Amino acid sequence: MTARALVTGPTAGIGNSFARLLAAQGTDLVLVARDEQRLEQLAQRLRAEHGVDAEVLRADLTDDSDLARVANRITDNARPVDLLVNNAGASIAGWFGTTDIADEDRQLDLLVRAPMHLMDAALKAMSGRGRGAIINVASVAAFTPRGAYSAHKSWLVNLSQWAHLQYAEAGIAVQALCPGFTRTEFHQRMDADISDIPRWMWLTSDKVAKASLKDLRKGKPLSIPSLRYKVLATLARHLPIRLVANVAKRGR
Ligand SMILES: NC(=O)c1ccc[n+]([C@@H]2O[C@H](COP(=O)([O-])OP(=O)(O)OC[C@H]3O[C@@H](n4cnc5c(N)ncnc54)[C@H](OP(=O)(O)O)[C@@H]3O)[C@@H](O)[C@H]2O)c1
C-alpha cells in the first residue's frame, strides 16, 4: 500500500479525484497547486473524512524556485513520497503558430519541464529505497497530431514507457495515464467551445483516477480509461495520419 502520495493539481478535476481516492485508501498526501485556499480546504476535508495526514505545498509549477521546492520535497527521505502523481496541467486556446510564443513557453514548462523535474527527483529518491510509483497524466491526444499540447503529451508518454522498462528492476512502476475528454475545469479554464463534443465521449474524473490506480496495481505502463477510448487510441495509432488528424481537429 502507498503510504504517502504527492499529487500536483489536486484543487480540481482529475487531481482532485486522485487525492480523494488515495485518502480513502488511507494514503497520506502532499497537495501541490497554486490556489492556497482551495488546497487548505481540501487538506482539511481529507484529514477530517479519512484521518490521513495532508500537507499543503503552494507552488506554481512554471516558476523555477517553486518547482525546485516541490522537487526537494520529493527527495526528502525523512518523509518519503512513495507515489508521485504528475497531474497538473492546462492548455492554451489556439493552434500553435497562431498563439503568443510566451504562452507556449509557459505551457511547455507546465506540461513537460515540471513533470520532467519531479519525475527526476522521484526516480532518484525511489531508486535509493528500491520501491515507488509514478503516474504521469498525459492524454489520448498523445496519439494524434494536434499541435503543441498533443506533442507535449506524446513526449510524456514516450518517456514514461521507457522509464517503466528502465526502472522496473529498481522496484519503480511508471505509468502514463491517457484519458479522453473528462469533465473538469480544464476546458472552461482555456475558454474552449466544447458544444460539438458528443456526450458519449465524456468521462468523469473519478472514473479516470480509479482506472489509473487499478492499472497501477496491475503494473500496466499505459492506462487508457474506458473501452471506447481504448478502441479510439488503437485506431489512432494504426490509421493513416491524415485521417487521424482530420478527425482529431475537434476540441482538446
Ligand atoms: N479534462 C480533460 O478532458 C483531459 C483529458 C486528457 C488529459 N487531461 C490532463 O489531465 C490533467 C488534469 O487536468 P484536469 O482536466 O483535471 O484540469 P483542471 O480541472 O483544470 O485542473 C487542473 C489542475 O492543475 C493545477 N494547475 C494548473 N496550472 C498550474 C500551475 N502553473 N502550477 C501548479 N498547478 C497548476 C490547477 O490548480 P491551481 O489552479 O490551484 O494551480 C488544478 O488543480 C492535465 O495534465 C490535463 O492535460 C485532461
Side-chain angles (χ1 to χ4, degrees), residues 7-22 24-25 85-96 98-99 107 110-111 115 135-158 160-161 175-252:
V7 181
T8 67
T11 52
I14 297 170
N16 189 265
S17 292
F18 268 114
R20 286 185 291 99
L21 288 168
L22 286 163
Q25 293 170 14
V85 184
N86 256 328
N87 161 80
S91 177
I92 52 176
W95 297 112
F96 181 72
T98 66
T99 51
Q107 181 177 258
L110 181 60
L111 297 181
I135 294 172
N136 287 323
V137 183
S139 168
V140 284
F143 308 122
T144 64
R146 267 170 74 222
Y149 177 86
S150 293
H152 300 334
K153 295 300 192 183
S154 181
W155 180 93
L156 193 56
V157 170
N158 191 302
S160 304
Q161 289 187 308
Q175 178 197 92
L177 167 60
C178 295
F181 289 115
T182 309
R183 291 204 188 278
T184 65
E185 295 177 12
F186 182 87
H187 297 93
Q188 176 193 325
R189 285 182 195 237
M190 69 183 278
D191 207 16
D193 178 11
I194 50 170
S195 55
D196 64 343
I197 304 194
R199 277 183 65 175
W200 65 266
M201 291 193 90
W202 288 98
L203 302 170
T204 66
S205 58
D206 278 359
K207 181 178 170 109
V208 167
K210 251 183 221 162
S212 165
L213 292 172
K214 191 172 168 194
D215 286 341
L216 187 70
R217 283 193 292 275
K218 291 182 183 164
K220 289 192 185 175
L222 190 65
S223 177
I224 303 176
S226 86
L227 179 61
R228 54 198 183 277
Y229 277 107
K230 283 185 178 68
V231 172
L232 289 173
T234 304
L235 290 173
R237 278 177 285 179
H238 293 98
L239 288 174
I241 196 161
R242 185 181 290 274
L243 180 64
V244 175
N246 269 335
V247 174
K249 264 184 190 158
R250 293 189 294 170
R252 258 295 199 293

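Predicted model, so just to flag it, every value in this text is computed and none were measured. Sequence positions, counted from 1, serve as the residue numbers for this chain.
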Search all heavy atoms of Ala209 against all heavy atoms of Leu21 and return the closest pair with its distance. CB-CD1, 3.6 Å

Indicate the atoms forming the closest heavy-atom contact of Gly94 with Thr98, along with that distance. C-OG1, 4.0 Å

Closest non-hydrogen atoms of Ala88 and Gly9, given as atom of the first, atom of the second and distance, are CB-N, 3.8 Å

All heavy atoms of Gln107 vs all of Ile92, minimum pair found to be OE1-N, 3.0 Å

Where do Leu110 and His152 land on the side chain to side chain contact (heavy atoms under 4.5 Å, CB included) test, with the steps shown first? CA-CA 10 Å; Leu110 181 60; His152 300 334; over 6 Å; no

Check for a donor-acceptor pair, side chain of Ser150 on one end and backbone N or O of Pro145 on the other, with a separation under 3.5 Å. no

Enumerate, atom names and distances included, each donor-acceptor pair closer than 3.5 Å involving a side-chain atom of residues 197-205, sequence neighbours excluded.
from   : atom 1 : to     : atom 2 : distance (Å)
Thr204 : OG1    : Lys207 : N      : 3.2
Ser205 : OG     : Ser17  : OG     : 2.8

Please determine which of Leu156, Val85, Val137, Leu213 meets the side chain to side chain contact (heavy atoms under 4.5 Å, CB included) test together with Leu177. Val137

Spatial distance of atom CG (Asp191) from atom OG (Ser91) [nearest 0.5 Å]: 12.0 Å

Among pairs that include at least one residue of residues 219-238, which meet side-chain hydrogen bond (donor to acceptor under 3.5 Å, both in side chains), considering only residues two or more places apart or in two chains? Asp215-Ser223

Between atom CG of Asn136 and atom CG of Asn158, what is the distance when rounded to the nearest 0.5 Å? 12.0 Å

Output yes when a side-chain donor or acceptor of Glu185 lies under 3.5 Å from a complementary backbone atom of Ala12, and no otherwise. no

Distance from Asn16 atom CG to Asp206 atom CG, nearest 0.5 Å? 8.0 Å

Any donor-acceptor N/O pair, Asn87 side chain to Thr8 backbone, under 3.5 Å: yes

Yes or no on side chain to side chain contact (heavy atoms under 4.5 Å, CB included) for Leu222 and Val157, after CA distance, side-chain angles and deciding distance? CA-CA 8 Å; Leu222 190 65; Val157 170; 4.2 Å; yes

Thr144 side chain to Ala141 main-chain N or O, any donor-acceptor pair under 3.5 Å? yes

Roughly how far, to the nearest 0.5 Å, is OG of Ser160 from CH2 of Trp155? 8.0 Å

On a heavy-atom basis, which atom in Phe186 and which in Gly89 lie closest, and how many Å separate them? CD1-O, 4.4 Å

Got a donor-acceptor contact below 3.5 angstrom from the Lys153 side chain to the Phe143 backbone? no

Would you name the heavy atoms of Ser212 and Phe18 that are closest together and state the gap between them? OG-CZ, 3.4 Å

Just how far is it from atom CD of Gln25 to atom CZ of Arg20, taken to the nearest 0.5 Å? 12.5 Å

I'd like to check Leu232 versus Val140 (side-chain heavy atoms, cut-off strictly below 4.5 Å). Are they in contact? no

